[in-house]
Amino acid sequence: MKTLLTNTIQNLFLRNFQLSKFFKWGIFGLMITAFLGCPPPPPPPCVTTGTDFQGIYSSVLSSNSLYDNYTTMDLITHEYTFTMLANKTICQIGYQGNANLYTANIPYTIEIYDNTNSLMVYSGSHLFNSASTDYILPTSSINLNAGNSYTIRRIASNYLGNIGNTIGRIARYNGAPLPSSTVLSGSFMQITSSNFYGSGGPVPNFGIPYIDIVFQ
């Protein structure tokens, strides 16, 4: 009887000791979590459908029956200028390349210039598929600030000796009045002008080159 009582007391002590260790480690774990904080949330997805630029481009084409979606302008540089309406980060850039340049594995230069601060914020060499709009990841972070004016340009410096290889997709105005600021405004940016030049030109405000910007 004495032995049974002794064993029972020992078992209770051991169980309480184990529970005590469990609670101590649990409290220690909670303290570590509180000290380190929760892990940062994942970045928002980079979605290439329904972009701000795509909405503006579509609105322009539907705003005037004279405007059309056309592949033209045999000039080296196609660019448009826009003002940011919010702080945003560019996560992808989309363009449909020329078939001959794509077959020859010849990239375009993509530049983004901050007109407000006279600063080049991005310059990268990128190959774009010719079958459809192809999206690339920038080689460095591109953060754009609300209220600043930027110009994005696509440069076809190597056109294989055939200036016809520099053409690209454009929302062409065909001499009609320029779109209103309302039509040219999206949720995050407003397109203010465009230009085409290099081995000819310049040809300002001929239309909007289809250089898609994907914001994150």
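Under the 4.5 Å side-chain criterion, counting only non-hydrogen atoms from C-beta, Leu127 is in contact with Tyr102. Taking the side chain as every heavy atom from C-beta outward, Ile152 and Ile213 approach each other to under 4.5 Å. At least one side-chain heavy atom of Arg169 sits less than 4.5 Å from a side-chain heavy atom of Thr133. Contact annotation: the side chain of Glu111 approaches that of Ile155 to within less than 4.5 Å [non-hydrogen atoms, C-beta and beyond]. Between Val60 and Ile208, the closest side-chain pair of non-hydrogen atoms falls below 4.5 Å.
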Item to check | Stepwise side-chain contact (heavy atoms from CB on, under 4.5 Å) check, Thr89 with Ile142 | outcome: CA-CA 6 Å; Thr89 297; Ile142 310 174; 5.7 Å; no
Next on the checklist: Between Leu178 and Asn205, is the side-chain contact (heavy atoms from CB on, under 4.5 Å) condition met? List the steps.
Outcome noted: CA-CA 8 Å; Leu178 299 183; Asn205 296 320; 4.1 Å; yes
Next on the checklist: For a side-chain contact (heavy atoms from CB on, under 4.5 Å) check, start with the C-alpha distance between Arg153 and Ile110, then their side-chain angles and the critical distance, and finish with the verdict.
Outcome noted: CA-CA 6 Å; Arg153 56 181 64 106; Ile110 297 294; over 6 Å; no
Checklist entry - What's the verdict on side-chain contact (heavy atoms from CB on, under 4.5 Å) for Asn129 and Gln96, showing C-alpha distance, side-chain angles and the deciding distance? => result CA-CA 6 Å; Asn129 200 319; Gln96 184 171 353; over 6 Å; no
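In terms of modelled atom types and a separation under 3.5 Å, the side chain of Asp52 and the main chain of Ser187 share a donor-acceptor contact. Using a distance-only test at 3.5 Å, with no hydrogens or angles considered, a donor-acceptor pair links the side chain of Asn87 to the main chain of Ala146. In this structure, the side chain of Asp74 does not engage the main chain of Gly164 through any donor-acceptor pair within 3.5 Å. Side chain of Asn64 to main chain of Leu66: a donor-acceptor pair is present (N/O by atom type, distance under 3.5 Å, no hydrogens or angles). Side-chain atoms of Asn98 never come within 3.5 Å of backbone atoms of Thr166 as a donor-acceptor pair (strictly under, hydrogens ignored).
Relative to the six-membered ring of Tyr108, Arg154 misses at least one condition, a distance below 6.0 Å or an angle of at most 45° to the axis.
The six-membered or imidazole ring of Tyr210 lies near that of Tyr57, with a centre-to-centre distance under 6.0 Å. Annotation: Phe53 is in aromatic contact with Tyr80 [ring centroid separation under 6.0 Å].
Between His126 and Tyr122, the ring planes lie parallel to each other; the angle is under 30°, not in the 30° to 60° tilted range. Relative orientation of the His78 and Phe196 rings is perpendicular, given thresholds of 30° and 60° on the angle between their planes.
A distance of 8.5 Å separates CZ in Phe128 from CD1 in Ile211, rounded to the nearest 0.5 Å. Atoms CE and CG, on Met84 and Asp114 in that order, are 11.0 Å from each other to the nearest 0.5 Å. Once rounded to the nearest 0.5 Å, the distance linking CE of Met120 with CD1 of Ile112 reads 10.0 Å. Here the OG-CZ distance, from Ser193 to Phe82, works out to 11.0 Å after rounding to the nearest 0.5 Å. How far CG of Asn195 is from OG1 of Thr81: 8.0 Å, rounded to the nearest 0.5 Å. For the atom pair Asn148 CG and Asn143 CG, the distance stands at 12.0 Å (nearest 0.5 Å).
In the hydrophobic clustering of this structure, Tyr159 does not group with Ile167; members are Ile, Leu, Val, Met, Phe, Trp, Tyr whose side-chain heavy atoms approach within less than 4.5 Å, directly or through other members. In this structure, Val203 is not a member of the same hydrophobic cluster as Ile76, with clusters built from ILVMFWY side-chain heavy atoms closer than 4.5 Å. Phe206 and Leu61 are assigned to two separate hydrophobic clusters, defined by single-linkage of ILVMFWY side chains at heavy-atom distances under 4.5 Å. In the hydrophobic clustering of ILVMFWY residues, with side-chain heavy atoms under 4.5 Å counting as a link, Tyr135 and Leu144 come out apart. The hydrophobic clustering, which links ILVMFWY residues whose side-chain heavy atoms are closer than 4.5 Å, places Val183 and Met189 together.
Nearest heavy-atom pair, Pro209 versus Ser194, reported as atom, atom and distance to 0.1 Å: CD-CB, 4.2 Å. Between Leu75 and Ser199, the closest heavy-atom pair is CD2-O, 3.8 Å. Heavy-atom minimum distance, Val214 versus Thr48: CG2-CG2, 4.2 Å. Closest non-hydrogen pair, Ser185 versus Ser181, comes out as OG-O, 2.8 Å.
No hydrogens or angles considered: nothing links the side chains of Asn100 and Asn162 as a donor-acceptor pair under 3.5 Å. For the residue pair Asp212 and Tyr95, no side-chain donor N or O sits within less than 3.5 Å of a side-chain acceptor on the partner. Side-chain atoms of Glu79 and Tyr113 include no donor-acceptor pair closer than 3.5 Å. Of the N and O atoms on the side chains of Thr151 and Asn115, at least one donor lies less than 3.5 Å from an acceptor on the other residue.
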